[in-house]
J.: 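What follows is a single structure, and I will ask about it in a moment.
For reference, positions follow the sequence shown, starting with 1. The shown structure was predicted, so the numbers you read here are calculated from the model rather than taken from an experiment.
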Amino acid sequence: TTITDSDGSGIGLGDTAVGAGLNLSCGELQKVTADGLTLATSGGITVNNITATNSATISGTTTLDAGTSINFTAAASTFNALDAQADDRVSVNVDVTTAVGDLSLDGDANNTVDTFDDIVIASGAQLTAAGVLTLDATNGGISASGATTLNAADGVTLNDSLSTTGTLTVNADTDPGDSVGTFTVASGATVTTNNQSLSITANDLSIVGTRSSGTANTTVTDSDGSGIGLGDATVAGGVNLGNSDLLAVTANGLVLQTSG
């Protein structure tokens, strides 16, 4: 099912109505039954207080396609699976969760220089995916103020640089035991916590870019106890950090821990 805002006034989804826009309340969303739902506008989209019950009738992915920005605000929202594509900023001011599938946020979906082109995560806001969590903001990057938590069952992927001003906690394997849950930092991307602690839990690491906790510690935890391979040693099914991986880490101290 595809619903398009005809005049670009914007879309309000949930408890926030957009003046002169196309508004779909929590109750109205709950009446839509579809394998997937796309909400599209050349303007912006505001999302407020979509509960798991409200979105459960969309069995597949809910796609938000905005010509300007997407703003998750006021109260947390949950979808079965979510793909939020904004041409000029995704703002995450509250928790956003997927109950079944992937969670993808793109703050620069048109990959063209606009005003912001970024993902902005407010202090304390948590992103949680039942599948893979992917963050992408080609021109503007990703920033987070205060403590930030990124959780996913099947992996966390950062396609562009992430900078935080508080502690960063990443759990890329919230359901250990299925051997799926890699923390990926794409080529050219950096993870910087500006002297705040960085904690990574994963089944494995795929970090082409760099990561820095500055004067604070970085902790890497093997999620399923398969073990850790350091340097030229490789542990099958474990977390492996080669020499190049170590060179990409800047920290006051590095803690590697596993139950294996």
Side-chain angles (χ1 to χ4, degrees), residues 1-14 16 18 21-24 29 34-48 50 55 58 60-73 77-98 101-122 125-144 148 150 152 154-163 184-191 208-209:
T1 296
T2 299
I3 300 173
T4 303
D5 166 33
S6 60
D7 62 4
S9 297
I11 295 174
L13 179 60
T16 297
V18 173
L22 190 159
N23 295 296
L24 194 65
L29 177 63
D35 178 60
L37 173 65
T38 297
L39 300 178
T41 176
S42 59
I45 299 176
T46 300
V47 183
N48 177 9
I50 298 298
S55 59
I58 310 301
T61 300
T62 298
T63 300
L64 307 179
D65 184 354
T68 57
S69 63
I70 297 174
N71 185 19
F72 296 92
T73 188
S77 288
T78 299
F79 300 84
N80 276 341
L82 178 67
D83 184 9
Q85 305 172 15
D87 287 351
D88 196 23
R89 176 170 282 181
V90 173
S91 296
V92 181
N93 298 295
V94 293
D95 293 353
V96 180
T97 301
T98 57
D102 297 340
L103 171 56
S104 177
L105 305 181
D106 190 343
D108 185 19
N110 61 354
N111 292 323
T112 299
V113 176
D114 297 299
T115 304
F116 301 109
D117 295 322
D118 58 3
I119 297 174
V120 178
I121 304 172
Q126 181 169 301
L127 296 174
T128 302
V132 177
L133 171 62
T134 303
L135 302 182
D136 195 307
T138 302
N139 286 295
I142 309 156
S143 64
T148 304
L150 308 177
D154 294 333
V156 173
T157 297
L158 303 179
N159 285 325
D160 297 291
S161 296
L162 167 63
S163 176
T184 301
V185 179
S187 176
T190 62
V191 177
V208 182

J.: Closest approach of A189 and L158, non-hydrogen atoms and distance?
T.: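 Where A189 meets L158 most closely, the heavy atoms are CB-O, 4.3 Å.
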J.: List, one per line, each side-chain donor-acceptor pair under 3.5 Å for residues 81-89, sequence neighbours excluded.
T.:
{"from": "D83", "atom 1": "OD2", "to": "Q85", "atom 2": "NE2", "distance (Å)": "2.7"}
{"from": "D87", "atom 1": "OD1", "to": "N110", "atom 2": "N", "distance (Å)": "3.4"}
{"from": "D88", "atom 1": "OD1", "to": "T115", "atom 2": "N", "distance (Å)": "3.3"}
{"from": "D88", "atom 1": "OD1", "to": "F116", "atom 2": "N", "distance (Å)": "2.6"}
{"from": "D88", "atom 1": "OD1", "to": "D117", "atom 2": "N", "distance (Å)": "2.8"}
{"from": "D88", "atom 1": "OD2", "to": "T115", "atom 2": "N", "distance (Å)": "3.4"}
{"from": "R89", "atom 1": "NE", "to": "D118", "atom 2": "OD1", "distance (Å)": "2.8"}
{"from": "R89", "atom 1": "NH2", "to": "D118", "atom 2": "OD2", "distance (Å)": "3.0"}

J.: Can you tell which of N111, D114, D108 makes a side chain to side chain donor-acceptor pair (under 3.5 Å) with N139?
T.: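 Exactly one pass, corresponding to D108.
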J.: Sequence neighbours left out, what passes side-chain hydrogen bond (donor to acceptor under 3.5 Å, both in side chains) with N93? Give chain and number order.
T.: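 Partners of N93 by the side-chain hydrogen bond (donor to acceptor under 3.5 Å, both in side chains) criterion, ordered by chain and then number, come out as N71.
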J.: Going by side chain to side chain contact (heavy atoms under 4.5 Å, CB included), V92 matches just one of V120, L105, I70. Which one?
T.: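 Answer after filtering V120, L105, I70: L105.
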J.: Would you mind reporting whether T138 and D160 have side-chain heavy atoms less than 4.5 Å apart?
T.: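 With C-beta onward as the side chain, the pair touches.
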J.: Can you see whether D7 engages S9 through a side-chain donor-acceptor pair at a distance of less than 3.5 angstrom?
T.: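 Yes - a donor-acceptor pair under 3.5 Å links their side chains.
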J.: Under the rule for side-chain hydrogen bond (donor to acceptor under 3.5 Å, both in side chains), what residues qualify as partners of N23, not counting sequence neighbours?
T.: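 Partners of N23 by the side-chain hydrogen bond (donor to acceptor under 3.5 Å, both in side chains) criterion come out as none, since no residue qualifies.
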J.: A side-chain contact here means heavy atoms from C-beta on lying under 4.5 Å apart; do I50 and F79 qualify?
T.: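 The answer is yes; the side chains approach within 4.5 Å.
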J.: Sequence neighbours excluded, which residues qualify as side chain to side chain contact (heavy atoms under 4.5 Å, CB included) partners of T2?
T.: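 Partners of T2 by the side chain to side chain contact (heavy atoms under 4.5 Å, CB included) criterion, ordered by chain and then number, come out as T4, T38.
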J.: Run the side chain to side chain contact (heavy atoms under 4.5 Å, CB included) test against T16 and tell me which residues pass, sequence neighbours left out.
T.: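 Counting only residues at least two positions away or on another chain, T16 forms a side chain to side chain contact (heavy atoms under 4.5 Å, CB included) with T46, N48, T73.
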J.: Just jot down the side chain to side chain contact (heavy atoms under 4.5 Å, CB included) partners of T190, sequence neighbours excluded, or say none.
T.: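 Listed in chain order: S161, T192, T210.
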J.: Which atoms form the tightest heavy-atom contact between A34 and T1, and what is the distance?
T.: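 What the structure gives for the nearest pair is CB-OG1, 3.5 Å.
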J.: After noting the C-alpha distance and the side-chain angles of T134 and N159, does the key distance pass the side chain to side chain contact (heavy atoms under 4.5 Å, CB included) rule?
T.: CA-CA 7 Å; T134 303; N159 285 325; 3.6 Å; yes
J.: Tell me, please, which residues at least two apart from T184 pass side-chain hydrogen bond (donor to acceptor under 3.5 Å, both in side chains).
T.: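 With neighbours one apart ignored, the set is empty.
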J.: Applying side chain to side chain contact (heavy atoms under 4.5 Å, CB included), name anything that partners L24, two or more places apart in sequence or on another chain.
T.: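 In terms of side chain to side chain contact (heavy atoms under 4.5 Å, CB included), with neighbours along the sequence ignored, L24 is linked to L13, E28, L29, L39.
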J.: Output all residues satisfying side-chain hydrogen bond (donor to acceptor under 3.5 Å, both in side chains) with D65, sequence neighbours left out; order by chain, then residue number.
T.: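 Scan of D65 (side-chain hydrogen bond (donor to acceptor under 3.5 Å, both in side chains), adjacent residues dropped) gives none.
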